[in-house]
Amino acid sequence: MSSEPWANLLAWCKGQRESLQMQREMLRSGQFSVYENHESGQKDTSAEHVTRLTDSMAELDAIIAEFERKRA
């Protein structure tokens with residue numbers, strides 16, 4: 001089995017993690033915010049999104065670490 005598909009998947013995981021990190025930092029710094037519409041008005045849900053992004057980054061970190069451990 002060729003290692004190229006695995007290398008491509010690892011590269012994708014690293015790119016996704018970088019993208020998520022950028023989004024998280026932009027939310028944290030206030031460069032942009034996420035709002036949900038409610039009957040009483042809009043609610044800022046940026047903090048919840050930061051938490052989700054952090055969780056997703058942790059999952060990608062685990063996948064990346066496993067790939068790199070197996071390649072070593």
Side-chain angles (χ1 to χ4, degrees):
M1 179 198 246
S2 172
S3 66
E4 184 178 343
W6 294 112
N8 291 340
L9 181 58
L10 179 59
W12 179 86
C13 287
K14 288 180 177 182
Q16 280 299 111
R17 193 206 182 281
E18 186 176 315
S19 176
L20 294 175
Q21 183 173 358
M22 185 183 315
Q23 291 174 39
R24 184 181 69 175
E25 294 310 314
M26 292 175 78
L27 280 168
R28 282 182 170 169
S29 70
Q31 288 180 311
F32 70 89
S33 301
V34 179
Y35 292 91
E36 287 182 5
N37 289 323
H38 293 271
E39 290 181 19
S40 60
Q42 290 186 333
K43 178 186 174 194
D44 186 349
T45 59
S46 299
E48 290 92 351
H49 283 273
V50 167
T51 300
R52 283 189 221 140
L53 289 167
T54 301
D55 292 346
S56 295
M57 289 168 56
E59 289 180 27
L60 286 169
D61 286 341
I63 293 168
I64 291 166
E66 183 67 18
F67 270 114
E68 291 178 343
R69 184 186 66 77
K70 286 184 178 182
R71 284 192 344 179

Engineer: Check the pair Thr45 / Tyr35 against side-chain contact (heavy atoms from CB on, under 4.5 Å), numbers first and verdict last.
Structural biologist: CA-CA 5 Å; Thr45 59; Tyr35 292 91; 5.9 Å; no
Engineer: Could you walk me through whether Glu66 and Arg69 pass the side-chain contact (heavy atoms from CB on, under 4.5 Å) check?
Structural biologist: CA-CA 5 Å; Glu66 183 67 18; Arg69 184 186 66 77; 2.6 Å; yes
Engineer: With Arg71, which residues qualify under salt bridge (Lys or Arg N to Asp or Glu O under 4.0 Å), at least two apart?
Structural biologist: none
Engineer: With heavy-atom distances below 4.5 Å as the criterion, would you say the side chains of Leu9 and Trp6 are in contact?
Structural biologist: yes
Engineer: Partners of Glu48 by side chain to side chain donor-acceptor pair (under 3.5 Å), sequence neighbours excluded?
Structural biologist: none
Engineer: Once you round to the nearest 0.5 Å, how far does OG of Ser33 lie from CE of Met26?
Structural biologist: 10.5 Å
Engineer: Mark yes or no for whether Ser56, through its side chain, and Arg52, through its backbone, hold a donor-acceptor pair below 3.5 Å.
Structural biologist: yes
Engineer: Please enumerate all residues that pass salt bridge (Lys or Arg N to Asp or Glu O under 4.0 Å) together with Arg28, with sequence neighbours excluded.
Structural biologist: Glu25
Engineer: Membership question, hydrophobic clusters at under 4.5 Å side-chain separation (ILVMFWY): are Ile63 and Leu53 in the same one?
Structural biologist: no
Engineer: To the nearest 0.5 Å, tell me how far Glu36 CD sits from Ser46 OG.
Structural biologist: 10.0 Å
Engineer: I need the minimum non-hydrogen distance between Asp44 and Val34, along with the two atoms involved.
Structural biologist: OD1-O, 3.1 Å
Engineer: State the NZ-OG distance between Lys70 and Ser3, to the nearest 0.5 angstrom.
Structural biologist: 14.0 Å
Engineer: Of all heavy-atom pairs between Lys14 and Glu68, which one has the smallest distance, and what is that distance?
Structural biologist: NZ-OE2, 2.9 Å
Engineer: Starting from Val50, can I reach Met22 by hopping between I/L/V/M/F/W/Y residues whose side chains sit under 4.5 Å apart?
Structural biologist: yes
Engineer: Taking Leu60 as the starting point, is it possible to reach Phe67 by hopping between hydrophobic residues whose side chains are less than 4.5 Å apart?
Structural biologist: no
Engineer: Are Ile64 and Leu20 co-members of a hydrophobic cluster defined by side-chain heavy atoms under 4.5 Å apart?
Structural biologist: no
